[in-house]
Amino acid sequence: MTRRSNLIRREGGTYYARIYIPAELRDYFPSEDKKISLRTKDEATAKLRLSSEVNKWEVKFADMSARRRLTEQDKAVAVWEHYEARLQDDVEKRRSMPTDADLEREAELVWQRIDRGEIRSDDMVSMINGYADLELLKRARQDDANLRSRRLAALRRDLAAGQHVLIGESVRDFIHRHRLLVEEGSSELRELEHLLMRAEIQALERTLERDDGDYSGHPTDPVVKPAYAAPREIAAPGQSIMELFEVYARENPRSITLDTLAQARRDVRLFVDHVGTTFPVAKIDKRAVREWKALLMLYPVKAAESKAFQGMKIAQIVKHNAEVGKPMITPRTVNRHLASLGAFCSWLVAHGYIDSNPTEGMALAKDKRKKVFPFSTDQMNLLFQSPLFTGCESDEAPRFWHKPGDVKVRDHRYWVPLIMLYSGARPAEIAQLALSDVREQQQIWLMDITETADDESDDRKSLKTSSSRRQVPLHKELIALGLLDYVEEMRSLGHARLFPFATRNQRGQMMADFSREFGRYLARIGIKEGKGLSLYSFRHGAFDALRRAGYLDEQFNFIFGHVSGNPVTRGYGVLNHGMLEQRAELVDAISYPGLDLSHLVKR
């Protein structure tokens with residue numbers, strides 16, 4: 001049997017693990033590999049221990065790769081954080097110290113015990129015990145001052161001698177919290193230890209001044225200074241950006257969904273990350289937005305979720321990404337951030353907090369190239385003949401969907417693509433339908449797409465816009481495929497929702513996870529290469545199908561939840577746009593010449 005290349009045997013027969021250092025981390029190790037004794041001469045035992053050793057180092061390398069190099073800004077932050085933390089510790093300790101009133105109460109308790117005969121002058125032990133608590137209270141302040149004086153003297157002595165033991169724990173805590181890559185024993189580590197000792201010396205000197213009632217002191221060591229530039233102005237109470245954003249969110253003037261509102265909150269917080277938490281809304285101007293947009297154009301994808309940028313401000317993230325090289329967000333995402341801030345700024349203008357919207361004219365030019373394409377007939381035939389629709393190995397995980405087998409998937413993963421194919425509805429609109437939303441009216445079966453949850457369901461519903469509320473007749477092909485039988489099956493099982501196993505992700509987005517996995521499925525079965533095809537391709541295909549049938553966009557936009565008609569005429573009358581019979585005729589006009597779904601028709 002061929003021995004693994006990272007298992008070696010040295011003289012004497014002892015086995016060693018050879019751990020190869022990743023190229024990007026070799027600067028932190030003396031050689032390209034490490035040899036670690038497995039403490040055995042038995043090959044089978046060595047192989048078992050080797051796996052554990054390799055896994056341990058892989059975890060270590062992954063952690064190191066997620067960290068970043070120490071910068072001058074990090075050093076400044078470490079010094080100022082440590083200085084302020086020690087002063088804050090002092091404030092909290094002084095608050096917990098006994099007051100004169102506490103001493104008087106404790107003395108009264110001692111006299112009461114003397115009166116009761118619990119403390120007697122002829123009993124030394126009872127006297128010591130009786131006065132112990134009072135003496136401890138009296139000495140608390142002086143003992144604390146003595147401890148601080150002794151630590152100050154020790155830090156000065158060690159600083160002069162180049163010893164850093166007293167500060168080591170604080171330094172390593174900072175490195176851990178800020179995900180820094182600082183090698184043990186390195187000059188960088190010693191410098192950081194040296195700086196934090198100087199910071200603590202300054203803090204202790206200030207605390208000793210406070211013992212004399214002097215709170216006016218400032219750092220005298222030039223390295224101890226604020227790490228960040230002071231904000232341009234300080235907001236008055238209730239006038240900071242996020243305070244007013246929460247007022248805006250409660251009003252929700254555009255009636256946007258909770259998910260969209262949560263996304264807007266994250267976008268605006270990123271703006272606050274640039275200007276500062278105390279920045280007043282009245283000072284939001286073109287310059288602030290312009291500077292933020294410049295940073296957004298260099299901002300890495302999912303930076304908030306990356307360990308590489310943990311604990312960093314937006315400007316630091318952009319600077320560090322110049323070294324890391326992670327892909328940057330698209331112009332479309334930049335524009336989404338600007339739109340979130342812009343909608344909030346429009347509300348600020350309407351309520352008199354600012355005079356004009358500083359985001360106007362800031363959006364990047366849109367890429368007018370089409371991003372999503374409809375499926376071709378050949379692609380749809382291949383898709384609907386694939387295992388997800390005809391029988392797969394297992395329905396437990398996406399990695400099994402493309403493998404042929406006997407498991408028939410007949411939940412939202414099967415029906416949502418088909419319903420999109422013959423209605424053009426959005427996947428989330430379909431997935432959140434209640435059983436009561438699929439009903440017969442005037443002898444026509446329809447889907448009632450609303451944002452009102454059924455009384456029997458506690459699942460919230462949401463739509464993209466108010467125009468998304470609509471009634472869409474069921475296509476005759478969906479009825480032939482057995483959708484109504486599926487509806488009755490779900491009702492007999494006691495479910496309130498049409499697709500009870502369709503779930504929302506952590507951000508509350510319905511079908512987002514399946515939509516992502518569906519794109520990967522298309523790649524696995526050979527339909528998709530790169531971008532252009534997705535679950536939304538069915539929606540695009542339905543648009544083209546009605547155009548192919550001879551309809552104009554303004555004749556069918558309402559079926560897809562798009563605003564149609566003149567803004568004035570939309571406000572008149574009470575009947576729905578497009579009578580139900582006309583809607584049914586319109587939906588049934590959706591067809592795909594050459595598409596064969598006969599193998600899916602319920603017999």
Side-chain angles (χ1 to χ4, degrees), residues 73 77 81 177-179 227-254 256-321 326 328-349 351 353-354 357-360 362-364 462 505-509 512:
Q73 178 68 9
V77 169
E81 273 190 5
R177 285 188 293 106
H178 289 264
R179 306 288 298 170
Y228 303 106
R232 286 171 240 183
E233 289 198 44
I234 305 296
Q239 300 291 304
S240 70
I241 295 172
M242 292 314 300
E243 284 176 313
L244 284 172
F245 182 89
E246 293 309 322
V247 179
Y248 160 76
R250 287 194 294 273
E251 289 189 12
N252 196 4
R254 298 171 62 194
I256 58 178
T257 65
L258 292 177
D259 178 58
T260 304
L261 195 58
Q263 181 62 66
R265 183 180 285 106
R266 289 190 291 270
D267 294 342
V268 173
R269 276 182 182 151
L270 193 58
F271 176 72
V272 172
D273 190 54
H274 168 56
V275 297
T277 56
T278 61
F279 194 77
V281 291
K283 296 299 179 180
I284 301 177
D285 56 13
K286 286 281 187 183
R287 175 187 172 185
V289 176
R290 183 177 67 246
E291 292 172 350
W292 182 55
K293 183 177 79 168
L295 291 171
L296 287 175
M297 293 171 67
L298 300 173
Y299 194 67
V301 175
K302 295 185 177 179
E305 302 170 18
S306 174
K307 290 183 178 179
F309 305 116
Q310 192 171 350
M312 301 174 70
K313 299 286 186 181
I314 181 173
Q316 292 174 300
I317 290 172
V318 168
K319 183 177 180 180
H320 183 51
N321 196 49
K326 290 186 179 292
M328 292 172 285
I329 61 175
T330 63
R332 180 180 178 181
T333 306
V334 173
N335 284 344
R336 190 207 70 211
H337 283 78
L338 290 168
S340 296
L341 180 62
F344 174 50
C345 286
S346 293
W347 181 86
L348 292 174
V349 171
H351 289 73
Y353 290 105
I354 55 178
N357 192 330
T359 67
E360 288 183 3
M362 287 283 190
L364 299 174
S462 60
N505 63 10
Q506 292 181 339
R507 291 173 53 190
Q509 297 169 315

Atom of Leu338, atom of Met362 and distance for their closest heavy-atom approach: CD1-O, 3.6 Å
Please check this pair: side chain of Lys326 against backbone of Tyr299, looking for a donor-acceptor N/O pair closer than 3.5 Å. no
Classify the angle between the aromatic ring planes of Phe271 and Trp292 as parallel (below 30°), tilted (30 to 60°) or perpendicular (above 60°). perpendicular
In Å and rounded to the nearest 0.5 Å, what is the CZ to CG distance from Arg266 to Leu261? 10.0 Å
Please find the pair of heavy atoms, one from Ile317 and one from Ala303, that lie closest to each other, and give the distance. CG2-CB, 4.0 Å
CG (Leu348) and CD1 (Ile284) are apart, to the nearest 0.5 Å, by 5.5 Å
Of all heavy-atom pairs linking Arg265 and Ala249, the shortest is NH2-CB, 3.7 Å
Determine, for Arg250 against Glu246, whether the closest basic-nitrogen to carboxylate-oxygen distance falls under 4.0 angstrom. no
State, yes or no, whether a side-chain contact exists between Val334 and Ile329 at a heavy-atom distance under 4.5 Å. yes
Minimal non-hydrogen separation, Phe344 against Ile241, with atom names: CZ-O, 3.6 Å
Determine the minimum heavy-atom distance between Ser340 and Asp267, stating which atoms define it. OG-OD2, 2.7 Å
Could you tell me the separation between the CG atom of Leu244 and the NE2 atom of His351, rounded to the nearest 0.5 Å? 10.0 Å
Taking all atoms of both residues into account, what is the closest heavy-atom pair of Ala264 and Phe245, and its distance? C-CZ, 3.9 Å
Quick one: does any side-chain atom of Asn252 pair with a main-chain N or O of Ile256 as donor and acceptor, under 3.5 Å? yes
Looking at Asn357 and Cys345, would you say the former's side chain and the latter's main chain have a donor-acceptor pair under 3.5 Å? no
I'd like to check Pro280 versus Tyr353 (side-chain heavy atoms, cut-off strictly below 4.5 Å). Are they in contact? no
Check whether any side-chain heavy atom of Leu364 sits under 4.5 Å from a side-chain heavy atom of Met297, and report yes or no. yes
Test Ile354 against Asp285 for side chain to side chain contact (heavy atoms under 4.5 Å, CB included), laying out the working first. CA-CA 9 Å; Ile354 55 178; Asp285 56 13; over 6 Å; no
How long is the straight-line distance from CD of Glu243 back to OG1 of Thr277, given to the nearest 0.5 Å? 10.0 Å
Starting at CG of Leu296, measure out to CG of Leu270 and round the result to the nearest 0.5 Å. 6.0 Å
Kindly indicate, with the supporting measurements, whether the criterion side chain to side chain contact (heavy atoms under 4.5 Å, CB included) is fulfilled by Asn321 and Met328. CA-CA 9 Å; Asn321 196 49; Met328 292 172 285; 4.1 Å; yes
Please check: side-chain N/O of His337 versus main-chain N/O of Thr333, any donor-acceptor pairing under 3.5 Å? yes
Where the side chain of His320 meets the backbone of Gln316, is there a donor-acceptor pair that is under 3.5 Å apart? no
Just how far is it from atom CZ of Arg336 to atom CD of Gln263, taken to the nearest 0.5 Å? 3.5 Å
